[in-house]
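The block underneath contains the structure these notes are about, expressed in structure tokens.
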Amino acid sequence: MRAMAEVVNGSEGSAALKMKMRLLVWALWLLGLVSSKWVDGFEDLNVTEQHYYDQSYGVSYASKPLLVGLTLINGAAAKGAVCLDGTLPGYHLHRGYGSGANSWLIQLEGGGWCDSIRSCVYRKNTRHGSSTYMERQIQFPGILSNKAEENPDFFNWNRVKLRYCDGASFSGDSQYKAGQLYFRGQRIWLAAMEDLMSKGMRHATQALLSGCSAGGLASILHCDEFRGLFPWTTKVKCLSDGGLFLDTIDVSGRRTLRNMFRGVVWLQGVKKNLPWSCANHLNPTLCFFPQHLIADIKTPLFLLNAAYDMWQTERQDTWFAQRSPHIGNKGVAESVGNWYFDRADIKAVDCPFPCDKTCHNLVFK
């Protein structure tokens, strides 16, 4: 984690002025780090596979993270809301209590994208393309933790992890019959929201849509849609963790990410689900990049992004721990909480690496 920033939305006239006013502070740009495996659609590091007990980073736990079971959305198939292989989508829900009983946090899982028939056929035989392969229980650390000492602002909220099994950041709507592939991310999003609304989310007084990596992109794409689910009396905001992917020339001298996103958008029928404010004047592929979307998002949006890392995760040691990254004297959890609850303005960009000694390199074995 190298940079934290808040994006507060306004309502000015020209596009340039709107950009200036709405984007009070950018997170530091992601460097154009790309890998050749992106071309075929990759599966990025996913928090459900990580281990949260690595003492080398100074993280200490009183007990193991909460384990939460998988709920399949039984009514989803009738709506055509299915994973790549046609199985039911699912989520993990842990109920809130006390002051958080009517507060809801939705976390959209990350996991890369698939941009070709070949890569999507491969993906449908993984947990990112089929609920058959999803873990029946996953850990809830970080922003999903149920422990006040690990997650002081959201520990007693209703906390949901929506599993990612479509490969287009919950935004596609198409299919490839010959390969028995279902590109139904948008329908999965809608079916999940409908199911959660029936389970009490419609009574929410506070709601936060969050997501990591490809899920962080999804939280941007669906931010205003999420806001529209609730009455205006409900406090609704969005958090994108490592989802600010840039349309820029990368270290290979090419626009590798643009080429991959083009495949995702056209293969999976994403175009019709992109925000009209962008799609009515730009190429649909460009509207899959947050830089062309966020100026028109009306719902308060927090961009949490790293300048040097390829992706972020919801790990406890980057969210709230003794050695979590800080900018100044504020860590990630405190900054997000201050922003959500309007305790303080959060507009922070860190000094260039390696000047901040709280930044640490996470090497996954």
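- There is a side-chain donor-acceptor pair under 3.5 Å between D85 and S130.
- There is a side-chain donor-acceptor pair under 3.5 Å between S99 and N156.
- We find that D115 and R262 are not joined by a salt bridge, their nearest charged nitrogen and carboxylate oxygen being 4.0 Å or further apart.
- Taking the centre and axis of the six-membered ring of F320, the NZ or CZ atom of K147 falls outside the cone set by 45° and 6.0 Å.
- A perpendicular orientation is assigned to the rings of F288 and F261, their planes being inclined by more than 60° (bins at 30° and 60°).
- Side-chain atoms of Y182 and D166 form no donor-acceptor pair, as typed in the model, at a separation below 3.5 Å.
- Taking the ring axis of Y164 as reference, the NZ or CZ atom of R123 stays within 45° of it and closer than 6.0 Å to the ring centre.
- D247 has a carboxylate O that lies under 4.0 Å from a charged side-chain N of R255, or vice versa, which qualifies the two as a salt bridge.
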Test S210 against D241 for side chain to side chain donor-acceptor pair (under 3.5 Å), laying out the working first.
CA-CA 7 Å; S210 66; D241 178 7; over 6 Å; no

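- Seen from the ring of W339, K237 counts as a face-on cation partner, given the 6.0 Å and 45° thresholds.
- Under 3.5 Å, the side chains of W319 and S324 contain no donor-acceptor pair of N or O atoms.
- Checked against E109 for a side chain to side chain donor-acceptor pair (under 3.5 Å), the options K161, R127, R163, H92 give a single hit: R163.
- A salt bridge is absent between R254 and D250; no separation between the charged side-chain nitrogens and carboxylate oxygens falls under 4.0 Å.
- For the 3.5 Å distance criterion, the side chains of S171 and N273 fail to qualify, holding no donor opposite an acceptor.
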Between Q186 and E225, is the side chain to side chain donor-acceptor pair (under 3.5 Å) condition met? List the steps.
CA-CA 11 Å; Q186 178 71 18; E225 224 178 320; 3.0 Å; yes

Using the side chain to side chain donor-acceptor pair (under 3.5 Å) rule, take Q175 and R184 through it: C-alpha gap first, then chi angles, then the decisive distance, then the call.
CA-CA 8 Å; Q175 71 180 86; R184 301 291 175 77; 2.5 Å; yes

